[in-house]
Amino acid sequence: MLEKELSFADLPVPLSELYEAMGYADAVPDEAVEKEVRGVLERVEAVTSPRFCFFISGGELDESKDSLSVGDTYFSIGKIITRQLRGSESFAFFAATAGAGFERLQHTLQQEGDMVKIYIADAIGSIIAEKTADCMEIALDEYIRNRGWKHTNRFSPGYCGWHVSEQKKLFPLFPSAEPCGIRLTDSSLMLPIKSVSGVIGLGEDVRKLEYTCGLCTYDKCYRRKQRGGGKG
């Protein structure tokens, strides 16, 4: 398993993207909100150590059952993900997180009771988790390059028809019981909360395609939000 710890400076977090995550779309918040955002970002940068990891495994994709089997572990991944993973020779399973330091900051802000700062930090945390996963994909690219492989998009339990409860099947596959320090609750919630996990298809003939949000009914998906509702 390849695991890496990053710094906040390793992650490109444009203010425009943060404002979009906060609901401003293409607009810019007023001066008071901008000041609050910069203040929270300074506190986040001081405590945040994002981490990612991934490992590569064989697996069997069954298009007739919309499933992926890894050894004795059977995932019901749904039609959308099955189609996107078609042609994979192996699979990368990954985890990425904003980290425990960021989670502690969130708890501190909650104790302070400033709802504006809490809202800003929540948006920042979501972006950190996804940017960390983006860094994971870059590292994965380098890792598989000598094999002549490409990779698909990444897919996570809870999205595209893959039920979130299958996190409980996914996490035992990792060599570490708590990959990147992430643990699961009984309800399949990852802690730290600002974390992502999932699978990526690998092989010579796979492609990274547009997310097929037009076929998905989950309107709260972060991919759908990023692409204005039409693509995710």
Within-4.5 Å side-chain heavy-atom neighbours: Phe155 and Ile77: no

Gln167 side chain to Ser197 side chain, donor-acceptor N/O pair below 3.5 angstrom: yes

Basic-acidic side-chain contact under 4.0 Å: Arg83, Asp66: no

Phe75 side chain near Leu173 side chain, heavy-atom distance below 4.5 Å: yes

Side-chain (Ser188) to main-chain (Leu184) donor-acceptor, under 3.5 angstrom: no

Ring geometry between Phe93 and Phe91 (parallel below 30°, tilted from 30 to 60°, perpendicular above 60°): tilted

Heavy-atom side-chain contact between Phe8 and Val13 under 4.5 Å: yes

Check: Ser88 side chain, Gly201 main-chain N or O, donor-acceptor pair, under 3.5 Å: no

Qualifying salt bridge (charged side-chain N to carboxylate O under 4.0 Å, His left out) pairs with a residue from residues 27-42, counting only residues at least two apart or across chains: Glu36-Lys117

Side chain to side chain donor-acceptor pair (under 3.5 Å) partners of residues 48-58, not counting sequence neighbours, each pair once: Glu3-Arg51

Residues Lys65, Glu60: salt bridge by 4.0 Å N-O rule: no

SB check Lys4 Glu142 (cutoff 4.0 Å): no

Evaluation steps, side chain to side chain contact (heavy atoms under 4.5 Å, CB included), between Ile120 and Leu109: CA-CA 10 Å; Ile120 293 169; Leu109 294 175; over 6 Å; no

Lys150 side chain to Glu204 backbone, donor-acceptor under 3.5 Å: yes

